[in-house]
Structures are given as C-alpha cells and as structure tokens.
Amino acid sequence: MLFGKEHVERYQETDGEVGHDWQGTVTLLLTTTGRRTGKEHTTPLIYQPEGDAYLVVASKGGADDHPLWYANLQANPEVKVQVKGDKFAARARTATPDEKPALWRKMTAVWPAYDEYQEKTTRDIPVVVLERA
C-alpha cells in the first residue's frame, strides 16, 4: 500500500498509473506552497470530480487541527493539481455552508470514514473545491 512520500513519487513517475487507484477509491496530488517556508509540498488526497472542479476533504483523520496542506492553501489558494497525467494550476476554496452538505455526501459515498472522522472532532471538517485556473 502506498502512503506519503512514496505515494507521491510513484504517482509522479507513472502519471498516476501507480497511485491514482488507492484502497477502492481514487487520489490526486495537491501541491501547496508552505505559508512559512515558501516551499512546495505535495500531498495525495482522495478526490471526486464536481463539474470542471475537483473535491478533496481536509480531514486529517479527525484530528482537532486542520492538515498542514489546508493551512497552506488558506494562506495561498493558488495550487497545483495532478489527476493521473493531467497537471494543472488551480485555485482552492472552502465549500460554502450551502454547498457543503451535498459535497460532503458525495465524498462520504467514496470514503465513508469521513463521517467517522467528523464524529471524532469538534472541528468542522472542510470540503475543498479545486477549480482550474
């Protein structure tokens, strides 16, 4: 099973032939710019398409704080995305309260554990919309 840095490397080396399909779902690579360091950080995330955009969830397994990649995109929403061999610039935004219920259901349909993660924390777990630049 791929995870972390190895997942990113194999995905990049194979244009997602290895790493896109993961544990019964699909992943993309999200590259954010570090809010303190200015360095790029790439994270594999479960996704679902939503029209021309892509959805990801800032769950961090139900931890009480947001994942670092989410904090980075809050500071700088200009990101890079790779879905299989498709690499593009995008702008990230947090789903609005009106949008979130339907988008959350879409994401929990492919990764039901998101509901468990939400139960573990008082933090409202964000759904992030990645829109092509």
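Nearest heavy atoms, P44 versus G4: CG-O, 4.2 Å. The shortest heavy-atom contact between A53 and E131 is CB-CG, 4.0 Å. In terms of heavy atoms, W104 sits closest to Y114 at CZ2-O, 3.4 Å. Here the closest non-hydrogen pair linking T42 and V8 is O-CG2, 3.6 Å. Closest heavy-atom contact between V56 and W69: CG2-CH2, 3.9 Å.
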### Query
After noting the C-alpha distance and the side-chain angles of D64 and K120, does the key distance pass the side-chain contact (heavy atoms from CB on, under 4.5 Å) rule?
CA-CA 8 Å; D64 288 332; K120 288 171 51 176; over 6 Å; no
### Message
Show, in sequence, the C-alpha distance, side-chain angles and deciding distance for L73 and R35, and conclude whether the side-chain contact (heavy atoms from CB on, under 4.5 Å) test is met.
### Response
CA-CA 8 Å; L73 68 78; R35 64 198 179 287; over 6 Å; no
### Message
Apply side-chain contact (heavy atoms from CB on, under 4.5 Å) to residues V57 and V128 and explain how you reach the verdict.
### Response
CA-CA 6 Å; V57 176; V128 175; over 6 Å; no
### Message
Between L55 and V129, does the side-chain contact (heavy atoms from CB on, under 4.5 Å) criterion hold? Intermediate values first, please.
### Response
CA-CA 5 Å; L55 306 175; V129 181; 3.8 Å; yes
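Taken together through direct or relayed side-chain contacts under 4.5 Å among Ile, Leu, Val, Met, Phe, Trp and Tyr, L68 and L45 form parts of separate hydrophobic clusters. The hydrophobic cluster containing W22 also contains M107, counting ILVMFWY residues as joined when their side-chain heavy atoms lie under 4.5 angstrom apart, directly or transitively.
Atoms OG1 and NZ, on T32 and K80 in that order, are 11.0 Å from each other to the nearest 0.5 Å. Taking CG of L103 as the start and OG1 of T96 as the end, the distance is 8.0 Å to the nearest 0.5 Å. Distance NE2/H41 to CG/N72: 5.5 Å, rounded to 0.5 Å. Note that the NZ atom of K39 and the OG1 atom of T31 stand 15.0 Å from one another [nearest 0.5 Å]. Between the OG1 atom of T33 and the CG atom of N76 there is a distance of 5.0 Å, given to the nearest 0.5 Å.
Taking P49 as the reference, Y47, Y54 meet the side chain to side chain contact (heavy atoms under 4.5 Å, CB included) condition, with sequence neighbours excluded. With sequence neighbours excluded, the residues satisfying side chain to side chain contact (heavy atoms under 4.5 Å, CB included) with A63 are K60, D65.
Here the side chain of K100 pairs a donor or acceptor atom with the backbone of I125 at under 3.5 angstrom. Remark: the backbone N or O of E17 is not paired with any side-chain donor or acceptor of R10 at under 3.5 angstrom. A donor-acceptor pair under 3.5 Å is formed between the side chain of T108 and the backbone N or O of R105. A side-chain donor-acceptor contact under 3.5 Å links Y11 to the backbone of T27.
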May I have the list of side-chain donor-acceptor pairs in residues 81-90 shorter than 3.5 Å, sequence neighbours left out?
from	atom 1	to	atom 2	distance (Å)
Q82	NE2	K84	O	2.8
D86	OD2	R132	NH2	2.3

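Within the 4.5 Å cutoff, side-chain heavy atoms of E99 are placed close to those of R93.
Ring planes of H66 and Y70: tilted class, angle from 30 to 60°.
Environment of CD in E9: crowded, with over 12 heavy atoms of neighbouring residues, nucleotides or ligands closer than 6.0 Å.
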